[in-house]
K.L.:
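Submitted below is the structure of interest, expressed as structure tokens.
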Amino acid sequence: MKLKLTLSASLFALSAAILPGVAVAEVSPLDLVQPIADYKIYVSENSEKLVADTKAFTDAVKAGDVEKAKSLFGATRMSYEAIEPIAELFSDLDGSIDSRADDHELAEKDPGFTGFHRIEYGLFAQNSTEGLGPVADQLMADVTELNKRITDLTLPPEKVVGGAAVLMEEVAATKISGEEDRYSHTDLWDFKANFDGSRKIFDLVRPLIEKDEAAFVTKVSANFDAVDTTLAKYKTADGYELYDKLSEDDRKVLAAAVNTLAEDLSTLRGKLGLN
Amino acid sequence: MAANDKGLVTTRRNVLFGVGAASGVLATGLGSASAAAKQEEQVTDAPVSGKTQERQPFYGVHQAGIITPRPAAGMIAAFDVLASTPEDVERLFRTLSERIAFLMQGGKPPVFDDRLPPSDSGILGPVIPPDNLTMTVSLGSSFFAKRDWLGAHKPKRLSRMKAFRNDALDGDLCHGDLTLQISSNTPDTNIHALRDIIKTMPDLLVLRWKQEGSVPVLPPKPDGSHESARNFLGFRDGSANPDANNTELMDRIVWLTENSDEPEWARRGSYQVVRIIRNFVERWDRTPLGEQERIIGRKKATGAPFSGETEHDVPDYVKDPEGKVTPLDAHIRLANLRTPESGANLILRRPFNYSNGVSKSGQLEQGLLFICYQADLEKGFITVQRQLDGEPLEEYIKPIGGGFFFTLPGPLDETDFLGRTLLEAAGHAVTRVRS
């Protein structure tokens, strides 16, 4: 019915674009229990992996092994990036773990600049682990604390479902430009994790809307597929090519896909009847 | 509550603020109508305009926004286009046409369930005023080059802008597959329109760059005459523009017609040139008035040429072959030689002034968002700019961005859409039904 209404209102007929209708799907809160429980498992698995990977990464930093630390950097971040909407619920830890130089007034020289990107700066811009020991200790302590807090956390459904769009907004606003991993250029690893994290949420709730929102589900899946296909071109044996290898045309394909996903997934909460 | 007093309430605001508004009325003992009548102006009251219902027609032989008198606010937004198949390009053109038709007409956007993002940004309120909006769609040469099935249909003179002598082009401010020239009475109306397009077509369009600009507003003259607006150099700009009300002239200077050797689909269209020209205004302001006037070739206060009294007086270069009245390298003299042959080089200018902030050196980043239209890109802008290469004004200006584009023919009526003739020329059958 929604679709018919859309098409007859000629001025607003957006052809194949998905126009959310005036009503939302009838989804009972109980229907969300299982997807949220499954997502909790996904988040926990990732945060445990984050702790393990960060241990290996920070050990390499503290041992002064620049090359090994560099090689672990991109992969270590992926489990954090995949669950960013949940990790960001703890803003103190997020700032300490994942802030970027431009989040701080004195940029790279700012004492508040810590975490992954501070270590990235040392490893890739200065080719050194000098002075990184305390930063590595802090990072290890932070991800351990994050894991503990996540274990105790009851996931708010609107945060979980909204997270699918939040991940896309993150990529659209601050990552598509290649500014996230500006020293290491491992941005495509982050992209992959962000997209996977978003798709995980979408896939978990997908059965609840598949019938009423078939066109929406098809369109969103197609955009996720387009992203996967594009990123697959840059897959290497142990990860992804550096961001500067990304062609201008592929960057545009990713930009359009991420904007479209952000736009469409912004209706996901509403479609599931969540405020 | 203020929103409630003005009757501008959405369903959502009603729910949120309805109770508060009602209790506020009870507490003060004033009905909202009488309260509004007696209300004195408050600091944050919206400025009032009597022009919000001005409306330009979307349908017509030519697109609006070219010979349409230039309003106070303008913008160029350049996009990369993702649509690659004929079907997707048709969807792009149709959706653009639908959105532009609605935005230029104004009206109420659809209201969705509160649990969904709203259909409209809401920055103009729940009822969108037309506000003299025009949105003009043009295509860059890359639009044709990237699509095999369109390559043969590129307008003959459409090229990728190359740097001229004085240019210092910034790649992030140049070119694009598609431009929207958005103009209206207010910057807010333009921004609203841009946000609508971005929200509606994220899978088809990726924003590449944009530049906003403005035109200083003048009080009406008692005798009903008009003056050209001033640019950021303080000079009137456009005094020698051809008369846009003269259809015969526009058919010669601006529009591609049946007399042109261009592809038939492109008739009724025009070539658009956009140039972001930074002005070094601090330095200009430290230049003696006489030198400023000699560089431009006009008197600053009136805009008149040195041999005349008003801006519309025509300088006679035949009587001044040595440049004793108007220097031979004055801007207006190089831009328009005023010889029998130079009539072929006329262009229709429609520029806006822009101001962007502060350079790293602490100087103002401002200048001219130059826009012009012509039937022949090579005889028009390219020839004129080559004549200007090396002019003394170059010390004070630096073109940093822009591009060359082809402005599509107008959508004829409600069965038509922008770009239809191009799709048909490329062998893609489209249906024309009343939308």
Side-chain angles (χ1 to χ4, degrees), chain A residues 2 5-27 158 161-162 165 168-169 172 176-177 213 216 219-220 222-223 226-227 230 248-275, chain B residues 11 58 79-85 87-120 128 142 146 171-172 175-177 196-208 414-415 417 433-435:
Chain A
K2 249 167 280 177
L5 188 77
T6 305
L7 290 173
S8 63
S10 63
L11 284 174
F12 310 116
L14 302 181
S15 319
I18 299 304
L19 189 72
V22 288
V24 294
E26 292 299 320
V27 176
E158 69 279 1
V161 176
M168 295 301 93
E169 298 289 2
I176 196 71
S177 55
E213 302 277 356
F216 171 82
K219 186 181 173 207
V220 171
N223 272 308
V227 169
T230 308
E248 188 54 24
D249 282 349
D250 283 334
R251 197 189 65 78
K252 280 177 211 158
V253 167
L254 287 177
V258 77
N259 287 334
T260 309
L261 284 167
E263 195 68 50
D264 288 341
L265 291 172
S266 73
T267 67
L268 193 58
R269 275 192 327 181
K271 285 184 193 304
L272 291 164
L274 292 165
N275 267 314
Chain B
T11 316
F58 171 63
F79 297 87
D80 293 315
V81 173
L82 271 293
S84 57
T85 64
E87 290 72 26
D88 276 352
V89 171
E90 180 181 350
R91 181 160 67 87
L92 166 79
F93 286 154
R94 281 191 188 272
T95 312
L96 267 177
S97 303
E98 283 159 7
R99 294 319 300 160
I100 295 172
F102 170 68
L103 292 164
M104 284 176 63
Q105 175 67 28
K108 283 187 186 178
V111 175
F112 297 156
D113 188 288
D114 274 8
R115 286 169 292 187
L116 293 170
S119 69
D120 185 83
I128 296 160
S142 55
K146 286 182 202 159
D172 292 339
H175 317 303
D177 297 336
D196 185 282
I197 297 297
I198 288 172
K199 184 174 176 62
T200 311
M201 287 174 270
D203 57 330
L204 298 171
L205 295 173
V206 176
L207 187 60
R208 188 178 166 93
E414 288 173 20
T415 70
F417 61 93
V433 289
R434 205 168 178 80
S435 63

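Residue numbers begin at 1 in each chain, while the letters A, B, ... track the order of the sequences. In this text, all values refer to a predicted model and were calculated from it rather than measured experimentally. Note: hydrogens, waters and symmetry copies are ignored here, and every other heavy atom, side chains too, is used.
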K.L.:
Heavy-atom pairs under 4.5 Å with chain B are the metric here; pick the option from Val258(A), Asp249(A), Leu261(A), Thr260(A) that has the most.
P.N.:
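When all of Val258(A), Asp249(A), Leu261(A), Thr260(A) are compared, Thr260(A) has the most.
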K.L.:
Sequence neighbours excluded, which residues qualify as side chain to side chain contact (heavy atoms under 4.5 Å, CB included) partners of Val253(A)?
P.N.:
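Partners of Val253(A) by the side chain to side chain contact (heavy atoms under 4.5 Å, CB included) criterion, ordered by chain and then number, come out as Thr230(A), Leu82(B).
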K.L.:
Quick check: closest heavy atoms across Asp80(B) and Lys252(A), and the distance to 0.1 Å?
P.N.:
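Reported closest heavy-atom pair: OD2-CE, 3.1 Å.
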K.L.:
Measure the spacing between CG of Asp113(B) and OG1 of Thr267(A) and express it to the nearest 0.5 Å.
P.N.:
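Rounded to the nearest 0.5 Å, the CG-OG1 separation comes to 11.5 Å.
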K.L.:
Check Gly273(A) against Arg115(B) and note the closest heavy-atom contact, atom names and distance.
P.N.:
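Answer, listing the atom of Gly273(A) first, then Arg115(B): O-NH1, 3.5 Å.
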K.L.:
Taking all non-hydrogen atoms of both residues, which atom of Leu116(B) and which atom of Gly270(A) are closest, and how far apart?
P.N.:
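Between these two residues, the closest heavy atoms are CD2-CA, 3.8 Å.
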K.L.:
Out of Ala257(A), Ser266(A), Ala262(A), which one racks up the most heavy-atom pairs below 4.5 Å with chain B?
P.N.:
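If we count pairs closer than 4.5 Å to chain B, Ser266(A) comes out on top.
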K.L.:
With respect to chain A, which residue among Lys146(B), Lys199(B), Arg208(B) yields the maximal number of heavy-atom pairs within a distance under 4.5 Å?
P.N.:
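Between Lys146(B), Lys199(B), Arg208(B), the count favours Lys199(B).
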K.L.:
Tell me, side chain or backbone of Leu268(A) under 4.5 Å from chain B's heavy atoms, or both, or neither?
P.N.:
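Contact with chain B involves no heavy atom of Leu268(A) at all.
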K.L.:
Any idea which heavy atoms bring Lys219(A) and Asp203(B) closest together, and the distance?
P.N.:
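Answer, listing the atom of Lys219(A) first, then Asp203(B): CE-OD2, 4.4 Å.
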